[in-house]
Q: 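This is the structure I want to talk about, given as structure tokens.
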Amino acid sequence: MTTLERTLAKALTEIVISLDLSDDDAITPEAAMEVLQPVIALLQDLPEQDRRALAELINQCAQEETDPERHLTAWETPGTLGLLV
């Protein structure tokens, strides 16, 4: 994978972590899903091979997380984004 692909996967992971771990008073779960739904829809249009590759990149990002809560959220990100069908 290219540096660009890794950076985009990391950025996407950071967004999901931020939305998931934000205080519900700051960003409601419903608002978080409104942000993620268009992203999820775009990712669903990717070929299966590309979805698997992105999921693997996100899992690599998860392995780099040292904070247990961020690690768990990052590890769950491929499922959250519908990459694992």
Side-chain angles (χ1 to χ4, degrees):
M1 292 291 159
T2 67
T3 301
L4 174 62
E5 291 166 328
R6 290 180 199 284
T7 301
L8 290 173
K10 180 68 174 171
L12 185 55
T13 303
E14 287 294 330
I15 291 168
V16 172
I17 290 171
S18 295
L19 289 171
D20 189 62
L21 298 182
S22 68
D23 188 318
D24 285 353
D25 292 333
I27 301 174
T28 65
E30 294 81 13
M33 283 311 296
E34 284 182 32
V35 170
L36 290 177
Q37 283 298 345
V39 174
I40 292 167
L42 285 171
L43 295 175
Q44 289 303 303
D45 288 340
L46 290 173
E48 183 180 347
Q49 180 179 354
D50 289 344
R51 289 194 312 270
R52 282 195 308 255
L54 180 55
E56 178 56 35
L57 285 173
I58 291 170
N59 286 335
Q60 290 174 18
C61 294
Q63 291 173 354
E64 297 170 5
E65 289 293 340
T66 57
D67 177 88
E69 193 172 25
R70 287 179 56 86
H71 174 80
L72 178 60
T73 302
W75 193 253
E76 294 172 342
T77 296
T80 300
L81 296 175
L83 297 173
L84 307 175
V85 180

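Sequential numbering from 1 along the given sequence is applied to the chain's residues.
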Q: Among Gln49, Glu48, Glu56, which one satisfies side-chain hydrogen bond (donor to acceptor under 3.5 Å, both in side chains) with Arg52?
A: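 Of all the options given, the one that passes is Glu48.
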Q: Heavy atoms only: give me the nearest Leu54-Ala9 pair and the separation to one decimal.
A: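 Scanning both residues, the minimum pair turns out to be CD1-CB, 3.8 Å.
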Q: What's the shortest heavy-atom distance between Ile27 and Ala32, and which atoms?
A: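 That closest heavy-atom pairing would be CG2-N, 3.9 Å.
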Q: Going by the rule side-chain hydrogen bond (donor to acceptor under 3.5 Å, both in side chains), which residues pair with Thr2 if we only count those two or more places apart in sequence or in a different chain?
A: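 side-chain hydrogen bond (donor to acceptor under 3.5 Å, both in side chains) check on Thr2 returns Glu5.
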Q: Are Leu72 and Leu21 co-members of a hydrophobic cluster defined by side-chain heavy atoms under 4.5 Å apart?
A: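 Not linked; separate clusters.
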Q: Using 0.5 Å steps for rounding, measure from the OG1 atom of Thr3 to the CG atom of Leu8.
A: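 These two atoms lie 10.5 Å from each other.
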Q: Could you give the distance from OG (Ser22) to CD1 (Ile17), rounded to the nearest 0.5 Å?
A: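 Atom-to-atom, Ser22:OG and Ile17:CD1 are 12.0 Å apart.
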Q: Are Met33 and Leu19 close enough that some pair of their side-chain heavy atoms sits under 4.5 Å apart?
A: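 Met33 does not reach Leu19 side chain to side chain.
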Q: Can you name the nearest heavy-atom pair linking Arg6 to Leu57, along with the distance?
A: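 Scanning both residues, the minimum pair turns out to be NH1-CD2, 3.6 Å.
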Q: When rounded to the nearest 0.5 angstrom, what is the spacing between NE2 in His71 and CG in Asp67?
A: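 Spacing of NE2 (His71) from CG (Asp67) equals 10.5 Å.
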Q: If you look at every heavy atom in Glu64 and Lys10, which pair is closest and at what distance?
A: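 Where Glu64 meets Lys10 most closely, the heavy atoms are OE1-NZ, 4.4 Å.
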Q: Hey, could you give me the CD/CD1 distance between Gln63 and Ile58, rounded to the nearest 0.5 Å?
A: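 Atom-to-atom, Gln63:CD and Ile58:CD1 are 12.5 Å apart.
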Q: Between side-chain atoms of residues 74-85 and protein atoms elsewhere (two or more places apart, or another chain), which donor-acceptor pairs fall under 3.5 Å?
A:
{"from": "Thr77", "atom 1": "OG1", "to": "Thr73", "atom 2": "O", "distance (Å)": "2.9"}
{"from": "Thr77", "atom 1": "OG1", "to": "Ala74", "atom 2": "O", "distance (Å)": "3.3"}
{"from": "Thr80", "atom 1": "OG1", "to": "Glu76", "atom 2": "O", "distance (Å)": "3.1"}

Q: Just how far is it from atom CD of Glu34 to atom OG1 of Thr28, taken to the nearest 0.5 Å?
A: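 Here the interatomic distance stands at 7.0 Å.
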Q: Could you tell me whether a side-chain N or O of Arg51 sits under 3.5 Å from a main-chain N or O of Leu46, the two making a donor and an acceptor?
A: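 Answer holds: yes.
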Q: Closest approach of Val35 and Pro38, non-hydrogen atoms and distance?
A: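 Taking Val35 first and Pro38 second, the nearest heavy atoms are O-CD, 3.4 Å.
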